[in-house]
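Working notes for the structure below.
Naming convention: chains lettered A, B, ... in sequence-line order (proteins, then strands); numbering from 1 in each chain.
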Amino acid sequence: MSSPYAAPIVGWYQRNARDLPWRRPDASPWSILVSEIMLQQTQVARVLPAHAAWLERWPTPRALADATPGDAVRQWGRLGYPRRAIRLHATAGELVAKHNGQVPSDAATLAQLPGVGSYTAAAVASFAFGQREPVLDTNVRRVLGRLIAGEATPRQATSAAERRMAEQLLPQDGRQAARWSVAVMELGALICSATSPNCQQCPVADRCRWKQAGSPPAPPHRPGVRYQGTDRQCRGALLAVLRATPGAVTPDDLAAAWPEAEQRTRSLASLAADGLVAELPDGSLTLPTASA
DNA sequence: TAGGCGTGGTT
DNA sequence: TAACCAAGCCT
């Protein structure tokens, strides 16, 4: 083990880890990639059924690439951030076109896929292929931030110091590095949570700088962003109509879902720019049926 | 780099 | 109950 934290945290993980489909030994890289995309800003409990249904329908990248982007958006359902469905479909196409239908094993190649950023690239390289990559998600950042820096919550942007710290803590062996990363993530999800950490159950509470400092609260952050009445809500309402309707919908159908015309028009344009909506020659709207 | 981007569970 | 939060990405 490469740090005094590894043994207690990995040991805790082996006793307390949830049994999740994408963690099973027989999980394919594709299954793991799909899970990582779905888990972006989305709770595990909501991802579980969506992931199972997605893999049942599209067990391989090639299967998804043969579907339309609209199929992907419909299957995505109400998971949120439907651009993820469009980008996952586009990724499937790239895997077929450039990677022989396979998920690449190195983080740099993964990071070039649409919808795959630094976190997801590292997670797939590590969890699916045992590559030695630091996996820095919000859980890891919070756990290490508390444990070592003594701060309640991470800053908004990942700092170079955080990357150095994650790198230094990472075991040398790739498989052990993956086990360490998933263990820290799980600790952050189950014990060292954002709002109500359960330090009584924490395997490293005796060496946590944040706890030693008396668990000081996080500094106040910027006023929360509203949702009611935003373009986001409008986009969601319009897309819900499109998902629920086989074939095309009329502009009147959309007007019924969101009466405010100016905002509706603007949101529809942004959905089209994202490749989430297509306009037919007769002026009706559909989910995209070909590559955007 | 700050802000936009969905949806639902939790407190 | 109105925030807050949830395995981020992109521009």
Side-chain angles (χ1 to χ4, degrees), chain A residues 13 17-18 20-23 27 31-51 73 76-88 90-91 110-128 133-144 152-159 166 178 181-190 192-197 217-218 220-243 258 263 266-267 269-271 273-277:
Chain A
Y13 177 77
R18 293 167 291 181
L20 303 175
W22 46 87
R23 285 181 182 164
S31 171
I32 292 171
L33 173 59
V34 171
S35 79
E36 292 299 342
I37 300 294
M38 288 186 167
L39 286 162
Q40 292 168 4
Q41 303 284 282
T42 309
Q43 302 94 323
V44 167
R46 297 177 58 212
V47 167
L48 282 169
H51 179 264
V73 172
W76 196 256
R78 302 184 63 81
L79 260 194
Y81 293 134
R83 291 187 296 192
R84 291 184 293 173
I86 291 292
R87 289 170 181 161
L88 183 52
T91 277
L110 284 160
Q112 295 180 24
L113 297 167
V116 178
S118 64
Y119 160 75
T120 302
V124 172
S126 179
F127 301 151
E133 288 288 338
V135 178
L136 263 183
D137 79 321
T138 186
N139 285 304
V140 174
R141 295 184 63 211
R142 186 176 58 252
V143 170
L144 299 185
T153 58
R155 310 287 175 186
Q156 45 187 352
T158 306
S159 67
S181 294
V182 75
V184 177
M185 289 175 66
E186 191 78 336
L187 186 68
L190 299 184
C192 193
S193 61
T195 51
S196 56
H221 48 291
R222 67 183 190 281
V225 286
R226 301 206 202 326
Y227 180 67
Q228 286 294 322
T230 60
D231 286 8
R232 279 166 95 163
Q233 186 186 23
C234 180
R235 284 169 54 111
L238 299 180
L239 213 48
V241 173
L242 286 154
R243 274 197 310 262
W258 196 272
Q263 187 172 38
R266 181 173 64 244
S267 297
S270 80
L271 287 171
D274 287 340
L276 282 160
V277 178

Handout entry: Listed nucleotide nearest any side-chain atom of A/Ala189, set C/dA7, B/dG6, B/dG8
Key = C/dA7

Practice task
Look at all strands and tell whether A/Val182 reaches a base, only sugar-phosphate, or nothing, counting heavy atoms closer than 4.0 Å.
Solution key: nothing

Practice task
Examine the side chains of A/Ser270 and A/Arg235 and answer whether a donor and an acceptor come within less than 3.5 Å of each other.
Solution key: yes

Problem - hbond_proxy A/Thr138 side chain to C/dG8 base (donor-acceptor, 3.5 Å cutoff) - result: no

Problem - A/Val47 side chain reached by A/Trp22 side chain, heavy atoms, under 4.5 Å - result: yes

Completion exercise
A/Ser118 has its side chain closest, among C/dC9, C/dA7, B/dT7, to C/dC9

Problem - Closest to side chain of A/Tyr81, choosing from C/dA7, B/dG6, B/dT7 - result: B/dG6

Problem - Same-atom distance (C1') from C/dC5 to B/dC5, integer angstrom - result: 16 Å

Exercise for the section: With heavy atoms under 4.0 Å as the rule, sort A/Arg87 into base, sugar-phosphate or nothing. Expected result: sugar-phosphate

Handout entry: Test: A/Arg84 and A/Glu36 ion pair at under 4.0 Å
Key = no

Exercise for the section: Look at A/Thr230 and B/dG4 and indicate whether a side-chain polar atom (N or O) is within less than 4.0 Å of OP1 or OP2. Expected result: no

Problem - Side-chain N,O (A/Gln233) to OP1/OP2 (B/dG6) below 4.0 Å - result: no

Exercise for the section: Taking the side chain as every heavy atom from C-beta outward, state whether A/Val135 and A/Val184 have any pair of such atoms under 4.5 Å apart. Expected result: no

Practice task
Taking only the side-chain nitrogens and oxygens of A/Arg235, find out if one of them lies under 4.0 Å from OP1 or OP2 of B/dG6.
Solution key: yes

Practice task
Using a heavy-atom cut-off of under 4.0 Å over every strand shown, decide if A/Leu79 touches base, sugar-phosphate, or nothing.
Solution key: base

Practice task
Describe the nucleic acid contact of A/Leu20 in one word from base, sugar-phosphate, nothing, applying a heavy-atom distance below 4.0 Å.
Solution key: base

Handout entry: Residue-phosphate contact under 4.0 Å: A/Arg243 side-chain N/O, B/dT7 OP1/OP2
Key = yes

Handout entry: Atom CZ of A/Arg266 with >12 non-hydrogen neighbours under 6.0 angstrom
Key = yes

Problem - Distance test, side-chain N/O of A/Arg46 to OP1/OP2 of C/dA7, below 4.0 Å - result: no

Practice task
Would you classify A/Arg141 as touching base, sugar-phosphate or nothing, given that sugar-phosphate means primed atoms plus P, OP1 and OP2, and contacts are heavy atoms under 4.0 Å?
Solution key: nothing

Practice task
For the side chain of A/Asp231, starting at C-beta, report the closest nucleotide among C/dA6, B/dC5, B/dT7.
Solution key: B/dC5

Handout entry: Touch class at under 4.0 angstrom, heavy-atom based, for A/Arg232 against every strand present
Key = base

Exercise for the section: Could you measure between the two C1' atoms, the one in C/dG8 and the one in B/dT1, and give it in whole Å? Expected result: 15 Å

Exercise for the section: Check every strand shown and say whether A/Thr195 touches a base, only sugar-phosphate, or nothing at a heavy-atom separation below 4.0 Å. Expected result: sugar-phosphate

Fill in the blank from the handout: From the candidates C/dA6, B/dG6, C/dC10, the one with an atom nearest any side-chain atom of A/Ala194 is C/dA6

Problem - A/Tyr119 side chain, from C-beta outward: closest of B/dG8, C/dA7, B/dG6 - result: C/dA7

Problem - P spacing across the pair B/dT11 / C/dA7, given as an integer number of angstrom - result: 13 Å

Practice task
Mind checking A/Ser196 for me? I need base, sugar-phosphate or nothing, with any heavy atom below 4.0 Å counting as a touch.
Solution key: nothing

Practice task
Could you tell me whether A/Trp76 contacts a base, only the sugar-phosphate backbone, or nothing, with contacts defined as non-hydrogen atoms closer than 4.0 Å?
Solution key: nothing

Handout entry: A/Arg226 atom CZ, over 12 foreign heavy atoms within 6.0 Å
Key = no

Handout entry: Nucleotide C/dA2, atom C1' - distance to CD of A/Gln228 in whole Å
Key = 11 Å

Problem - Distance between C1' atoms of B/dG8 and C/dT1 (Å, rounded) - result: 15 Å

Problem - Flag for A/Arg232-A/Tyr81: side-chain donor and acceptor within less than 3.5 Å - result: yes

Problem - Side-chain N,O (A/Gln43) to OP1/OP2 (B/dG9) below 4.0 Å - result: no

Practice task
Nearest-nucleotide wise, let me know which of A/Arg226 and A/Leu39 is further upstream toward the 5' end of DNA chain C.
Solution key: A/Arg226

Practice task
Answer with base, sugar-phosphate or nothing: what part of the nucleic acid does A/Gly80 contact at a heavy-atom distance below 4.0 Å?
Solution key: base

